[in-house]
Amino acid sequence: MNAKQKKMLYRIIAAAVLLVVLQLLPATPVPVGVLYLVPYLVVGGDVLRKAIKGIQNRQPFDECFLMAVATVGAFALGEYVEGCAVMLFYQVGELFQAVAVGKSRRSIAALMDIRPDYANLEQPDGTLEQVDPDEVEVGSVIVVQPGERVPIDGVVVEGTSTLNTAALTGESLPRDAKAGDDVISGCVNLSGVLRVRTTREFGESTVSRILDLVENSSMKKARTENFITRFARVYTPAVCYSALALAVLPPLVLMLLGQPARFGDWVYRALTFLVISCPCALVISIPLSFFGGIGGASTCGILVKGSTYLEELSRTKIVVFDKTGTLTRGVFEVTGVYPADGGDRDSLLETAALAESYSKHPISQSLKQAFGRELDPARVSDVEELGGYGITARVDGRNVAVGNARLMAKLGLTPTPPEQTGTVIYLAVDGAYAGAVVISDVLKPTAAKAIAGLKRAGVRRTVMLTGDTEPVAKSVANQLGITEYHAGLLPEDKVNRVESLLAEKGPRENLAFVGDGINDAPVLSRADLGIAMGALGSDAAIEAADIVLMDDDPARIALAMDISRRTVRIVYQNIVFALAVKAACLLLGALGLAGMWLAIFADVGVMVLAVLNATRALYTRDLVRRNGLKS
């Protein structure tokens, strides 16, 4: 507990002790009501102040107003013990709720305690200076000592080590890092010293993006959350007026009928009605459930940008995948080189690698890696990237085109594709066909498990969209158990295909698109839910997505769906339970069959039980095990 909560606990204990002492005291000349005011004000003074402020601000209808009216009314009727008890147990429930919310926030804060305090910036003379990460410019060299967090995204230029990425990805197994490897901020360096050349500013690094996503997630409320907020605004004044009517109308009717009015009895019923009607169980437990669900997902390396997306994920029945970088590792290897008649294999590979030397695309990287020797960028000029087609450039003074079959058709060439399965890259030099290179991607080890997990989670349709060729797409789909796929798509074709799938889905069904590349951003935005691969995915894809998988593991989509469905179940359990108990107790209170003690249970008891139920959303270990993942 924090200092404020401890202070409240001491006040509750003091008021409870005073209440017991007053019950045991013999008759005293001091008026009983005055004595009971002491424990009442000790425990409930702040509630009275908040109620008065609410009236002054013309926003009186909240739980503080209900408690103030009910307890002051009980004192006016001489029910001193019950008035004190209502306030005492109300504050016990409020303290319990504050501790539960604090625990949820600390769980996320512990996970998100990844903001680095400093960076060891290497100076020109080789010395190190500790500076604020915000001050480190792109291209600077920083040194990460064992036990320190990587402060900024970058590339290792010297050293080997292992990195703990659990706070980012939920993956407990450390990852190796060596010269040439990308490292992301927020990881903990476990062993060796690393020299890292920064590739981003701190404000754009992974750790900053994660913190921003989590901090802003509460801004996007689920429909259920918004409904409860609107419900409370209407419900609270309605029960206040109903309680007033219960206190005034029945006695007046009895008077008109010539019977005793019993004003005190009906006022007591009205006050009981007010205590029972307090909506804090709903107002507190529903946001807490979603907050817990988002926190539980975060501990598994799944960042949800708002509770609305967590709720929508539970109704997802169609999941559409991009192929490269999503279902496959995006690690390409050259598996075949086929020069045109009379061509040289090494010369063809060198020309392709030079033309692609300025591109960061995985296919380009694989071509350069297959060539295996240093490339002279001065030999390349006039590079132009053609989205969905390939690249054109001048290499050694010759016009070179490297790309897919569509690019060759655009140049008026009709090459015969190799029989080998894989991504085929064609080359044309000075308008003449020069040969082809076959590149094969590698499936992610959990991709098949991801598809099986989604089917088990109730997803009725999985679809793969790719710009790759039909044979490659068919091979991948068959290996993963995907029955529907569409190959040879340009970025705009993917959007059109998703539009068609959206038109075919049911009225209460959602469609999720999973992608990682910059060309996936339009589709991620168009789908009901966009899910991006966060570790290797592009910034544009992560910005456009609603959910981010920090370890690029597609198997975590099924886990995210399990978390969302559990969270939504908890939310509806709390709504049904709270409303059912309150409706029954309100009826009993109005009929005079329930007193203040039952009212206390209907208010504080229901709130405590609902909050306890809501905190279950934080725990995800059983769901992680069910999906065969590591926590």
Side-chain angles (χ1 to χ4, degrees), residues 209 213 220 302-306 308-310 312-313 315-330 360-363 385-390 404 406 423 441 444 447 450-451 454 459-470 472-473 476-477 480 482-506 509-550 552-554 556-558 560-561:
R209 294 206 312 269
L213 291 180
K220 295 166 183 170
I302 303 164
L303 298 184
V304 185
K305 292 186 179 180
T308 182
Y309 306 123
L310 195 66
E312 294 300 322
L313 185 61
R315 292 198 290 269
T316 297
K317 294 296 181 183
I318 303 173
V319 178
V320 183
F321 291 92
D322 173 50
K323 180 181 75 69
T324 305
T326 303
L327 295 173
T328 64
R329 293 172 58 191
K360 298 298 183 183
H361 193 280
I363 289 178
E385 191 156 351
L386 307 174
Y389 290 91
N404 52 28
R406 287 193 298 269
T423 300
D441 199 353
K444 288 186 176 178
I451 302 302
L454 289 175
V459 173
R460 64 176 180 84
R461 192 173 179 186
T462 53
V463 184
M464 184 179 74
L465 306 181
T466 177
D468 220 329
T469 61
E470 171 73 20
V472 173
V476 171
L480 299 180
I482 297 176
T483 54
E484 185 178 350
Y485 65 89
H486 303 277
L489 301 178
L490 294 170
E492 56 267 30
D493 297 329
K494 291 183 180 180
V495 175
N496 294 334
R497 186 63 63 177
V498 167
E499 293 276 4
S500 301
L501 292 169
L502 287 169
E504 296 170 12
K505 68 184 179 72
E509 293 182 343
N510 286 331
L511 179 147
F513 180 84
V514 190
D516 77 312
I518 191 167
N519 62 338
D520 293 328
V523 203
L524 287 165
S525 300
R526 181 62 192 91
D528 295 320
L529 276 169
I531 303 175
M533 298 292 166
L536 298 176
S538 72
D539 290 347
I542 293 171
E543 287 298 321
D546 307 312
I547 298 170
V548 181
L549 307 179
M550 288 310 300
D552 286 349
D553 185 356
R556 293 196 182 261
I557 302 171
M561 292 186 69

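All figures in this text were calculated on a predicted structure; none of them were measured in a lab.
Between the D546 side chain and the Y309 main chain, no donor and acceptor come within less than 3.5 Å of each other. Between the side chain of T462 and the main chain of I482, no donor-acceptor pair closer than 3.5 Å is present. At least one donor-acceptor pair closer than 3.5 Å links the side chain of R406 to the backbone N or O of G488. Looking at N510, its side chain never comes within 3.5 Å of a backbone N or O of T316 through a donor-acceptor pair. K444 contributes a side-chain N or O that, together with a main-chain N or O of D552, makes up a donor-acceptor pair within less than 3.5 Å.
Contact check for L327 versus T466: no side-chain heavy atoms found under the 4.5 Å cut-off. For the pair E312 and D528, the minimum side-chain heavy-atom distance is 4.5 Å or more.
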Working note: I451 + M464, criterion side-chain contact (heavy atoms from CB on, under 4.5 Å); need CA distance, chi angles, decisive distance, verdict. CA-CA 11 Å; I451 302 302; M464 184 179 74; over 6 Å; no
Let me see the working for R526 and L502 under side-chain contact (heavy atoms from CB on, under 4.5 Å), right down to the final yes or no. CA-CA 9 Å; R526 181 62 192 91; L502 287 169; 3.3 Å; yes
Could you go through E504 and I318, starting from their C-alpha distance and side-chain angles, then the distance that decides it, and tell me whether this counts as side-chain contact (heavy atoms from CB on, under 4.5 Å)? CA-CA 10 Å; E504 296 170 12; I318 303 173; over 6 Å; no
Evaluate the side-chain contact (heavy atoms from CB on, under 4.5 Å) criterion for residues R497 and V463: first the C-alpha distance (whole Å), next the side-chain angles of each, then the deciding distance (0.1 Å), finally the verdict. CA-CA 10 Å; R497 186 63 63 177; V463 184; 5.7 Å; no
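The only member of V319, L501, L511, V320 that meets side chain to side chain contact (heavy atoms under 4.5 Å, CB included) when paired with R461 is L501.
Taking both residues in full, the closest heavy atoms of G515 and L524 are given as N-CD2, 4.1 Å, listed atom of the first, atom of the second, then distance. Closest approach of K494 and D322 over heavy atoms only: NZ-OD1, 2.9 Å. Contact between D553 and M533 at its shortest, heavy atoms only, is N-SD, 4.2 Å. In plain terms, the two heavy atoms of F513 and F321 that are nearest each other are CE1-C, 4.3 Å.
Taking CG of L549 as the reference point, atom CD1 of I531 lies at 6.5 Å (rounded to 0.5 Å).
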